[in-house]
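Numbers here are sequence positions counted from 1.
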Amino acid sequence: MASYTVSFIPLTVSNPRIFVSRQNGSSSSSSRIPLTSSLLGKKLVATQPSHRCFVPKLRCLTSASTVLNVPTAQPENGSSDKIPKWSARAIKSLAMGELEARKLKYPSTGTEAILMGILVEGTSTVAKFLRGNGVTLFKVRDETISLLGKSDMYFFSPEHPPLTEPAQKAIAWAIDEKNKSGVDGELTTAYLLLGIWSQKDSAGRQILEKLGFNEDKAKEVEKSMNEDVDLSFKKQGQ
């Protein structure tokens, strides 16, 4: 499994003291702590800048990077300039997919959950395309239950349901296709959707087909794989 840095996200932490840890027997105000997350990666390292607190609420700006461990054909010692950056929407879609799997009390996060995650995030170009073609969150959720069934009421999903094999292959496909494209920019949710579509026997693909998604629509999505809606105020003002 190779590790990829998928995003650089600003966070706001209300209690800066949680970032103070002891190194070599002494405390440090600029120490780093690892936070774990199974879906978004094995390591989430948050670094506290020195003396950037707002008084009186003591809210400190903190930055974090997420490392996503997924299978890929690229060797782990490959050049870092070949590692695609992930858009914030793509990362959120994966996180929301994990949450949807937990809501349904499933033991793992499959392609159907990632599809729901894309729709829950909802602001990406591909999410709008899906809704415009009748693929909505409620329909996908109903089809998921119809296809995979309901979990036992006494079963509790793990805190971070692991990715199924088809889901891992879908993500690996998305990463490899982004690398092959040679186009600068971030890996968008369109790559995730087409990664799901590439797994012919997966639950996500079966649900998409049931709701009318087909090869022609996949080709439409492919045309805008490297584009997404820019919600930046600076961009809108230009």
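Leu115 CG to Leu208 CG: the interatomic distance, rounded to the nearest 0.5 Å, is 5.0 Å. Note: Ser202 OG to Ile196 CD1 = 7.5 Å, rounded to the nearest 0.5 Å. Between atom OG of residue Ser181 and atom OH of residue Tyr191 there is a gap of 3.5 Å, rounded to the nearest 0.5 Å.
Residues Arg131 and Leu119 meet the side-chain proximity criterion, which asks for heavy atoms closer than 4.5 Å. For the pair Leu194/Val126, no side-chain contact is recorded, criterion being any heavy-atom separation below 4.5 Å from C-beta on. Residues Pro84 and Asn179 have side chains in contact (heavy-atom distance under 4.5 Å, counting atoms from C-beta outward). Contact of the Leu130 side chain with the Leu193 side chain is registered, since non-hydrogen atoms from C-beta on lie closer than 4.5 Å. Residues Val135 and Ile207 fail the side-chain proximity criterion, which asks for heavy atoms closer than 4.5 Å. Contact annotation: the side chain of Leu147 approaches that of Gln206 to within less than 4.5 Å [non-hydrogen atoms, C-beta and beyond]. Using a 4.5 Å cut-off on side-chain heavy atoms (C-beta onward), Lys217 and Phe129 make contact. Residues Thr164 and Thr109 fail the side-chain proximity criterion, which asks for heavy atoms closer than 4.5 Å.
Although no hydrogens or angles enter the test, the distance criterion places no donor-acceptor pair under 3.5 Å between the side chain of Lys178 and the main chain of Trp86. Distance alone, capped at 3.5 Å, is enough to place a donor-acceptor pair between the Ser198 side chain and the Gly195 backbone. When atom types are taken as modelled, the side chain of Thr144 and the backbone of Val140 share a donor-acceptor pair closer than 3.5 angstrom. With Thr189 contributing its side chain and Leu192 its backbone, the two residues share no donor-acceptor pair below 3.5 Å.
Residues passing the side chain to side chain contact (heavy atoms under 4.5 Å, CB included) test with Pro158 are Pro161, Pro162, sequence neighbours excluded.
The pair Lys219-Glu215 does not meet the salt-bridge criterion, since no charged nitrogen lies less than 4.0 angstrom from a carboxylate oxygen. A salt bridge links Lys180 to Glu177: at least one charged side-chain nitrogen sits closer than 4.0 Å to a carboxylate oxygen. The residues Arg102 and Glu98 are annotated as not salt-bridged, no charged nitrogen and carboxylate oxygen being separated by less than 4.0 angstrom.
Here the shortest heavy-atom pairing between Ser124 and Ile118 reads OG-CG2, 4.4 Å. Of all heavy-atom pairs between Trp197 and Asn214, the closest is CZ2-C, 3.7 Å. Scanning all heavy atoms of the two residues, the minimum distance from Ala190 to Val221 falls at CB-CG1, 3.9 Å.
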Salt bridge (charged side-chain N to carboxylate O under 4.0 Å, His left out) between Lys210 and Glu143, worked out: CA-CA 8 Å; Lys210 188 88 177 279; Glu143 290 296 333; 3.2 Å; yes
Could you check Lys103 against Glu100 for salt bridge (charged side-chain N to carboxylate O under 4.0 Å, His left out), going step by step and ending with a plain yes or no? CA-CA 5 Å; Lys103 284 181 180 179; Glu100 286 300 310; 3.3 Å; yes
Show, in sequence, the C-alpha distance, side-chain angles and deciding distance for Lys169 and Glu165, and conclude whether the salt bridge (charged side-chain N to carboxylate O under 4.0 Å, His left out) test is met. CA-CA 6 Å; Lys169 289 181 178 179; Glu165 184 177 351; 3.2 Å; yes
Let me see the working for Leu94 and Ile171 under side chain to side chain contact (heavy atoms under 4.5 Å, CB included), right down to the final yes or no. CA-CA 10 Å; Leu94 288 179; Ile171 295 173; 4.0 Å; yes
Worked check of side chain to side chain contact (heavy atoms under 4.5 Å, CB included) between Leu148 and Tyr106: CA-CA 9 Å; Leu148 303 179; Tyr106 287 163; 3.7 Å; yes
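Checked by atom type, the side-chain pair Gln199/Trp173 shows no donor-acceptor distance below 3.5 Å. Looking at Thr188 and Glu186, their side chains never bring a donor and an acceptor atom within 3.5 Å of each other. Arg89 and Thr123 share a side-chain donor-acceptor pair at under 3.5 Å.
Figure legend: Lys105 and Phe156 shown as a cation-pi pair, the cationic atom lying under 6.0 angstrom from the six-membered ring centre and within 45 degrees of its axis.
Residue Asp152 qualifies as enclosed at atom CG: its count of foreign heavy atoms under 6.0 Å is above 12. Around atom CZ of Phe138, no more than 12 heavy atoms belonging to other residues, nucleotides or ligands sit under 6.0 Å away.
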